[in-house]
Amino acid sequence: MPSLRSRALSVAMAVVGRRRRSASAEAVRDRVASAARRPASHLPPRRLGRVADISRTFVGAWPVYDVSPLGVEPSVQVLYVHGGDYVGELERRDWELVRTLVTRARARVVVPAYVLAPRGTADRTVPVATDLLSGLIAGGGDGGTVLIGDSAGAGLALAAAQRLRDRDGEQPSRIVLLSPWLDVTMSHPDQAVIEAADPVLSRAGLMEAGRLYAGTLAVEDPLVSPLRGTFGGLAPLTVFSGTRDVLATDSRELVRRARAEGVVVEFHEAAGLPHGYPLLPVPEGRAARDRIVELVRSAADL
């Protein structure tokens with residue numbers, strides 16, 4: 001059973017209308033139009049500067065933040081790719097995870113604020129993410145490199161790992177996917193039943209966001225929907241998902257197919273938990289973050 005705090009938070013999400021952001025195609029288009037008029041900030045919170053050295057560079061049009069522990073040499077590096085249905089910016093909870101990785105795992109965390117859809121489409125976005133990952137691996141020195149993606153960012157992260165494998169045969173030490181969105185077609189037959197209990201996501205809105213991200217590519221293209229790609233030769237995977245997440249089907253399919261193709265997979269499916277639970281302030285979220293810290297630390301020893 002989910003904790004009392006997580007059940008209360010799910011109720012609160014439903015009451016405040018969290019799901020309305022992706023309730024329909026129109027809602028997503030309105031959200032995109034609003035962001036075009038008044039872009040959201042992707043800047044890290046000021047208090048992060050109390051525990052970390054923060055710098056920013058640009059990779060093409062992407063601002064890329066480099067966050068390292070103050071006064072300590074990092075022992076491992078992380079590429080963190082944020083969620084937001086490909087149309088939303090970095091949020092406070094993303095930066096909270098970055099803070100956790102910097103302070104508890106002594107990690108250098110590289111955080112791209114990638115160009116959002118519809119300007120940022122998969123054919124442009126995945127190659128840039130692939131180059132970022134490749135550069136981190138090449139410059140990693142003695143420490144390992146962990147690729148972490150949340151929701152849509154997990155889809156982008158997995159697509160980049162697949163592209164890097166096909167291009168150079170390289171892989172990070174580990175790939176960690178949090179509530180991953182891996183197939184933007186939203187066509188799995190089990191999703192209709194799960195959607196009724198999901199307090200956060202709606203298929204109609206996700207399909208529109210996926211269409212915007214696909215651009216001129218088909219939504220079935222593995223660059224857009226990496227669940228439709230192949231998995232042999234990928235780094236070990238760790239996947240977190242909740243059963244009240246309409247995207248739980250993506251996690252289950254990934255785990256099944258990746259294991260069948262010889263990938264080592266660690267799967268955490270939390271009963272009764274919603275989308276994005278590893279980043280939420282609930283006991284199950286804290287346990288997930290503890291495990292993520294352990295995985296990042298272990299990469300330093302490889």
Side-chain angles (χ1 to χ4, degrees), residues 21-22 25 27-45 54-67 78-95 97-98 109-136 147-164 167 172 175 177-185 201 205-226 229 276 279:
R21 298 198 309 171
S22 64
V28 169
R29 289 193 292 268
D30 287 347
R31 184 177 165 196
V32 169
S34 177
R37 292 190 300 269
R38 189 175 182 180
S41 173
H42 49 65
L43 293 171
I54 306 170
S55 62
R56 184 176 70 175
T57 57
F58 283 84
V59 176
W62 292 19
V64 178
Y65 295 93
D66 197 319
V67 188
V78 172
L79 178 61
Y80 175 70
V81 191
H82 73 89
D85 307 343
Y86 295 115
V87 298
E89 276 293 2
L90 283 149
E91 296 183 350
R92 183 178 63 181
R93 67 179 194 170
D94 298 302
W95 290 115
L97 178 60
V98 171
V109 187
V110 175
V111 187
Y114 54 87
V115 176
L116 302 175
R119 285 199 306 126
T121 51
D123 60 331
R124 301 173 181 176
T125 302
V126 174
V128 180
T130 304
D131 289 343
L132 268 176
L133 178 59
S134 179
L136 275 180
L147 175 60
I148 302 178
D150 169 54
S151 190
L156 174 53
L158 183 60
Q162 290 169 328
R163 183 181 175 91
L164 184 60
R167 189 182 75 184
I175 302 168
L177 305 179
L178 316 178
S179 300
W181 186 23
L182 307 176
D183 185 353
V184 307
T185 69
L201 299 177
L206 288 172
M207 288 173 66
E208 177 65 9
R211 183 189 69 81
L212 295 174
Y213 177 62
T216 59
L217 297 176
V219 291
E220 298 87 1
D221 191 300
L223 278 184
V224 183
S225 296
L279 301 186

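Side chains included, hydrogens not; waters and symmetry mates left out as well; all remaining heavy atoms used.
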**Message:** Donor-acceptor check, side chain of D85 to backbone of V87, threshold 3.5 angstrom: yes or no?
**Reply:** no
**Message:** Minimum heavy-atom separation for A61 and P63, please, with both atom names.
**Reply:** O-CD, 3.3 Å
**Request:** Locate the shortest heavy-atom distance separating L79 from A129; write the atom from each residue and the value.
**Result:** CD2-O, 4.3 Å
**Asked** To the nearest 0.5 Å, how far apart are OH in Y114 and CG in L90?
**Response** 7.5 Å
**Message:** I need the W95 CH2 to H42 NE2 distance, nearest 0.5 Å.
**Reply:** 9.0 Å
**Request:** Specify the closest pair of heavy atoms between P118 and V32, including all atoms of both residues, with the distance to one decimal.
**Result:** CD-CG1, 3.5 Å
**Nearest-0.5 Å distance that lies between atom CG in L279 and atom CG in D150** = 5.0 Å
**Request:** Identify the heavy atoms of A113 and Y65 that sit nearest to each other, and give their distance.
**Result:** CB-CE1, 4.4 Å
**Asked** Quick one: side-chain hydrogen bond (donor to acceptor under 3.5 Å, both in side chains) partners of Y213, sequence neighbours excluded?
**Response** none
**Asked** Which distance, rounded to the nearest 0.5 Å, do you find between the CG of L223 and the CG of L156?
**Response** 10.0 Å
**Identified side-chain contact (heavy atoms from CB on, under 4.5 Å) partner of Y80 from the options V109, V67, V110** = V109
**Fill in**
Tightest non-hydrogen contact, residues L147 and P172, listed as CB-CG, 4.1 Å
**Prompt:** Is there a donor-acceptor pair closer than 3.5 Å between any side-chain N or O of T130 and the backbone N or O of V126?
**Reply:** yes
**Message:** Can a donor-acceptor pair be found, under 3.5 Å and without considering hydrogens, that links the side chain of S225 to the backbone of V219?
**Reply:** yes
**Complete:** The reported gap from CD1 in I148 to CD1 in I175 (rounded to nearest 0.5 angstrom) is 11.5 Å
**Message:** Strictly distance-based, threshold 3.5 Å: is any side-chain N or O of D94 a donor or acceptor partner for the main-chain N or O of E91?
**Reply:** yes
**Item:** Qualifying residues under side-chain hydrogen bond (donor to acceptor under 3.5 Å, both in side chains), relative to T121, sequence neighbours excluded
**Value:** D123
**Message:** So, taking the atom named OH in Y86 and the one named OG1 in T125, what distance separates them when rounded to the nearest 0.5 Å?
**Reply:** 8.5 Å
**Prompt:** Between G84 and A152, which heavy-atom pair has the shortest distance, and what is it?
**Reply:** N-CB, 4.4 Å
**Request:** Show the numbers, then the answer: is there a side-chain contact (heavy atoms from CB on, under 4.5 Å) between E220 and T185?
**Result:** CA-CA 7 Å; E220 298 87 1; T185 69; 4.0 Å; yes
**Beyond-backbone contact of L164 with R167, side-chain heavy atoms, under 4.5 angstrom** = yes
**Asked** Going by heavy atoms in the side chains, are E89 and L116 under 4.5 Å from each other?
**Response** yes
**Item:** Non-hydrogen side-chain atoms of L206 and L201 separated by less than 4.5 Å
**Value:** yes
**Item:** P112 side chain reached by V59 side chain, heavy atoms, under 4.5 Å
**Value:** no
**Asked** Any side-chain heavy atom of R163 within less than 4.5 Å of one from P127?
**Response** yes
**Item:** Other residues, nucleotides, ligands: >12 heavy atoms within 6.0 Å of R119 CZ
**Value:** no
**Item:** Q162 side chain to P226 backbone, donor-acceptor under 3.5 Å
**Value:** yes
